[in-house]
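Some notes on the structure that comes next.
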Amino acid sequence: ADAQITRTSSQVATEFKLDPEMIKDSALALDKAATGLILVGSGARGAKDAIISLAQKLNMPVATTPKAKGAFPEDHPLSLGVYGYGGSADAKALLGRGIDVLLAIGTSLGETSTNNWSDLLKPKQTFIQIDIDGAQIGKNFAVDIGLVGPARAIIEALDRCIKHRPRALPTTPNRGPSIVPPPNDGQLLKTPEVLEVMQQKAPANTVYTSDIGEHLLFALHHLKIGYEAEFIAGIGLGSMGSGIGAAIGAKMGAPERGALRICGD
């Protein structure tokens, strides 16, 4: 018998059309909020400049999930660093005081990103979630507005709807680490000190990669990933040993950049 020939279509495309009314409602909620937080997930990588513009226009603080560390520059005055596993005291303190609106961008709001699905993330007024995958909307937290589409396109659309309105920044004044290392006795190297010296010596555009283990907590908490730098850790699958291959791959992909891997346990 002749083999059956299967014909398949290659004319496949995905198109996202933004709903102007939903964008307008989201922008209004952000604009009128007295306090708020922008939580940036790894799905927002590539939209850094758009997020900076929106945050500055709203004068609203920004935190990232552990996986998205560096997706918003941690040397920016609006940065609260990481929220979730290895997160900063500032992000937790802000949420502890209560916020009117939360804008979650490109995050499924999983366990490590939310401190075990903490109720602190629930805003008093409006919860807005942006994701390119519609199945993520409302999966872990009930949201008021879900916007499906590419992060950059949606953020830029929100930005166009918002006028710059200076307001008091509701953050704590000290953005330093909440895990204070013990004084150095002159004999032993402390992990935070090693990370600090590493950053002092490394180029500004260094790519930092970390394996999974106790050292990841220190890296998330103590490294400050600026605008030019990048941080990579296989948090999704918890793949131990992945930081070595990631660092080699980062250096091969961009030989002009520094690459440092953090290993141990």
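- Using a 4.5 Å cut-off between side-chain heavy atoms of Ile, Leu, Val, Met, Phe, Trp and Tyr, with links allowed through other members, Leu109 and Trp117 fall into the same hydrophobic cluster.
- Annotation: cation-pi pair Lys48/Tyr227 present, NZ/CZ under 6.0 Å from the ring centroid and within 45° of its normal.
- In terms of hydrophobic clustering, with Ile, Leu, Val, Met, Phe, Trp and Tyr side chains grouped at heavy-atom distances under 4.5 Å, Met240 and Phe218 are assigned to a common cluster.
- Sparse packing is recorded around NZ of Lys24, with 12 or fewer heavy atoms of other residues, nucleotides or ligands lying under 6.0 Å away.
- For the pair Glu74 and Lys69, the salt-bridge criterion is met [side-chain N within less than 4.0 Å of a carboxylate O].
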Exercise for review: Output, in order, the C-alpha distance, side-chain angles, deciding distance and verdict of side chain to side chain contact (heavy atoms under 4.5 Å, CB included) for Lys139 and Ser108.
Suggested key: CA-CA 7 Å; Lys139 185 174 75 173; Ser108 63; 4.3 Å; yes

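- Residues Val207 and Leu195 fall into different hydrophobic clusters, defined by Ile, Leu, Val, Met, Phe, Trp and Tyr side chains chained together at heavy-atom separations under 4.5 Å.
- Here the OG-CD1 distance, from Ser42 to Ile105, works out to 12.0 Å after rounding to the nearest 0.5 Å.
- At a cut-off of 3.5 Å, with distance as the only test, a side-chain donor of Gln56 or His76 sits close to an acceptor on the other residue.
- In this structure, Lys251 places its NZ atom where more than 12 heavy-atom neighbours from other residues, nucleotides or ligands lie under 6.0 Å away.
- In terms of modelled atom types and a separation under 3.5 Å, the side chain of Asp100 and the main chain of Thr35 share a donor-acceptor contact.
- Hydrophobic clustering (side-chain heavy atoms under 4.5 Å, transitive across Ile, Leu, Val, Met, Phe, Trp, Tyr) groups Leu260 together with Ile225.
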**Study point:** Test log, rule side chain to side chain contact (heavy atoms under 4.5 Å, CB included), inputs Leu80 and Leu94
**Key:** CA-CA 9 Å; Leu80 295 182; Leu94 173 69; 3.5 Å; yes

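- When the side chains of ILVMFWY residues are joined at heavy-atom separations under 4.5 Å, either directly or via intervening members, Met198 and Val82 end up in two distinct hydrophobic clusters.
- The main-chain N or O of Ala91 is found under 3.5 Å from a side-chain atom of Ser88 such that the two form a donor-acceptor pair.
- Defined by atom type and a distance below 3.5 Å, a donor-acceptor pair is present between the side-chain atoms of Asp159 and Ser53.
- Rounding to the nearest 0.5 Å places OG1 of Thr65 at 7.0 Å from CD1 of Ile235.
- Looking at Leu78 and Asn59, their side chains come closer than 4.5 Å, going by heavy atoms from C-beta outward.
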